[in-house]
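Right, one structure below, let's go through it.
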Amino acid sequence: MKWSVTVAEIPVAQAVGDTLAALGVRHFFGLIGSGNFAVSNALVAAGATFYAARHEGGAITMADAYARVSGPGTIGVCSVHQGPGLTNTITGLTEAAKSRTPLLVLAADTAASALRSNFRIDQDGLIAAIGAIPERLHSPASAVADTVRAYRRAVTERRPVVLMLPLDVQAEKCPAPEGPPPAPPSLLPVRPAAEAVSAATDALARAERPLLIAGRGAVLADARAPLETLAEARGALLATSAVANGLFAGNRWSLGISGGFASPIAAELIAAADVVLGVGAALNMWTTRHGHLLHPDATIIQVDHEADAIGAHHRVDLAILGDAAATAQALIEELARRETAPSGWRTPELAARIQADSWRQTPFEDAGTADRIDPRALSRALDTLLPHERTVATDSGHFMGYPAMYLRVPDAQGFAFTQAFQAVGLGLATAIGAAIARPDRLTVAALGDGGALMALPELETVARLGLRMLIVVYNDAAYGAEVHHFGPHGGSLDLVRFPDTDFAALGRAVGLTAATIRTPADLRAVERWLAAPGTPAMLLDAKVVPTIVAAWLEEAFRGH
Ligand SMILES: Cc1ncc(C[n+]2csc(CCOP(=O)(O)OP(=O)(O)O)c2C)c(N)n1
Ligand SMILES: [Mg+2]
């Protein structure tokens, strides 16, 4: 029996779309098939903007980067067809799971009874296997509650959640929700235990050369201000993991990135620290150069809001379980209570050395020729040419250190680094999601030729969406990382070298502005482009010297 006389009914897909819009979803990414057509249209009808990718592998990473660059409080949303639509997201979804990005994937699913559907796979099992959370619309009656629960888990657990939308449930109607859905509870950050704060303050108070290394946990906790105050109170220097690059931009005591990308002066000072406070940073092999960057006698304090992260990669002498910002605040208060004076490390001479010896000032022998540009010279010239208000998104590969080292960013949201899964090919989609999150900034997509070719369909997306973007392809016509990995051992490199690709022609074919860069003088094309706002995004096919081997990569291969 039906109560339809008094209870209005709406399609389940509409209930899902209305609920998500009411929860605050304003932008979403995806690729439309029959299974997600209705729900995506419902979300658009409810006020959200949809961005169509040309491959789900792009759509998922766009949503991931959109969430990262928008900052705490915003989740990424991606809508896909069942079966292959979902399997196409798996690499980018794994990246998001490893990076703990709050993300909601709306994935159609076959009806429970459609045992022989071509599209049928165990979607729940697949999603669980990569560390994301499978959720499900269980019935028309629970559709709104199921949607709210999936959204809430993505926000509070900071993980990608895949909400399965079975076609048979979608085909039904459900009662129209009465009033807006309940907002997820706002959870206050976890304060650390007093004993842990006291022990850490003891160590910090004794330090002569204290150093603070902040990671993504610090970015997510919005901890810049309390961390800078804490560092000032103790006269500490500041550094970040690669993914948190930019967090302390503009602070004269910031050394930039700790790890393989660290400048010589940064590496020297990081190694000199006698107390290292890692905050929301895994202190993994990349940040510590396989543990060799930090002094063997340094006292290591690690702050994380998850017990599992503490000591996972590096020796830890003192652990503090707590939110990055709340812990910084507690340490500030305890230092003040004890009236601890700053260490003597911050001298004007040291500040001058830090400013004078960054990567941009460190000399190198320019290996450029008449038809090949040195990737360092290219990166340094771009840093000078491009507006400071920028977002730098990088792909994976040998080239990736150059943009991280030479291209300054205005803040942590200005650096989009989807590298937790070390997958090649996510860079362009990362840049697209970033550009949509921050249209006020110029987005720089730094790609290798291998990664650019993996992401090729999304060049069309950049042009179609009219994004303000400079795509820089560091083109060595090779999987350079593999060339430099195996070349020194005398292995055949035939499988990892390719004929040169004309990326400028590929860019023009989809409507982008494009230029081939062989010498620094060719970068005048970028100046002309910058001077003509409103022209389509630009692609640079930079023919780079293929023989230079980045020190960070050599070190990673050696394991020290
Ligand atoms: C999806 C994926 N496939 C393969 C690899 C192995 N891999 C690491 S770097 C690299 C080469 C990337 O080439 P390119 O984008 O041109 O950058 P380059 O190293 O030449 O600077 C490959 C194939 C990977 N990390 N991820
Ligand atoms: Mg290459």
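The figures that follow rest on heavy atoms only: side chains count, while hydrogens, waters and symmetry mates do not. Both ligands and their constituent atoms are indexed starting at 1 by order of listing.
- Closest to atom 15 (O) of ligand 1 among all protein heavy atoms lies G451 N, 2.8 Å.
- Considering every non-hydrogen atom in both T418 and T394, the closest pair reads OG1-O, 4.3 Å.
- Under a 4.0 Å N-O distance rule, the pair K543/D371 does not qualify as a salt bridge.
- A perpendicular orientation is assigned to the rings of F119 and H81, their planes being inclined by more than 60° (bins at 30° and 60°).
- Atoms of ligand 1 found under 4.0 Å from any heavy atom of G480, numbered from 1 in the order shown, are 18 (P), 19 (O), 20 (O).
- Taking a cutoff of 4.0 Å between a charged side-chain nitrogen and a carboxylate oxygen, E306 and R100 qualify as a salt bridge.
- Relative orientation of the W552 and F261 rings is perpendicular, given thresholds of 30° and 60° on the angle between their planes.
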Candidate pair R497 and V483, rule side chain to side chain contact (heavy atoms under 4.5 Å, CB included), full reasoning: CA-CA 8 Å; R497 282 189 176 139; V483 169; 4.0 Å; yes
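- Using bins of under 30°, 30° to 60° and over 60° for the plane-to-plane angle, the ring pair W286/H290 lands in the tilted bin.
- Atom 8 (C) of ligand 1 is approached by the protein to below 4.0 angstrom, counting heavy atoms only.
- Taking every heavy atom of F399 and a limit of under 4.0 angstrom, the matching atoms of ligand 1 come to 17 (O), 21 (O).
- The closest non-hydrogen atom to atom 1 (C) of ligand 1, taken over D449, L447, V483, V424, comes from V424.
- Near E482, meaning under 4.0 Å from any of its heavy atoms, are these atoms of ligand 1: 6 (C), 7 (N), 8 (C), 9 (S), 10 (C), 22 (C), 23 (C).
- If you look at A452 next to ligand 1, there are no close heavy atoms at all, none under 4.0 Å.
- Of all atoms in ligand 1, numbered sequentially from 1 with element shown, those under 4.0 Å from a heavy atom of D476 are 20 (O).
- Polar contact with ligand 1: absent for M454 (N/O pair, distance under 3.5 Å).
- Outside the 6.0 Å centre-distance limit, the rings of Y66 and Y51 are not counted as a close aromatic pair.
- Once rounded to the nearest 0.5 Å, the distance linking CD1 of I60 with CE of M62 reads 11.0 Å.
- The environment of R524 atom CZ is sparse: at most 12 non-hydrogen atoms of other residues, nucleotides or ligands sit within 6.0 angstrom.
- If you check which protein heavy atom lies closest to atom 11 (C) of ligand 1, you get Y479 CB, 3.5 Å.
- Shown are the protein N/O/S atoms under 2.8 Å from the Mg ion (ligand 2), given by residue and atom: D449 OD1, D476 OD1, A478 O.
- In N118, the CG atom is not crowded: 12 or fewer heavy atoms of neighbouring residues, nucleotides or ligands sit closer than 6.0 Å.
- Note that CG of L163 and CZ of R136 are 9.0 Å apart. Values are rounded to the nearest 0.5 Å.
- For ligand 1, none of its N or O atoms has an N or O atom of A423 under 3.5 Å away.
- Which parts of ligand 1 touch G450 is read off a 4.0 Å heavy-atom cut-off, strictly below it: atoms 14 (P), 15 (O), 16 (O).
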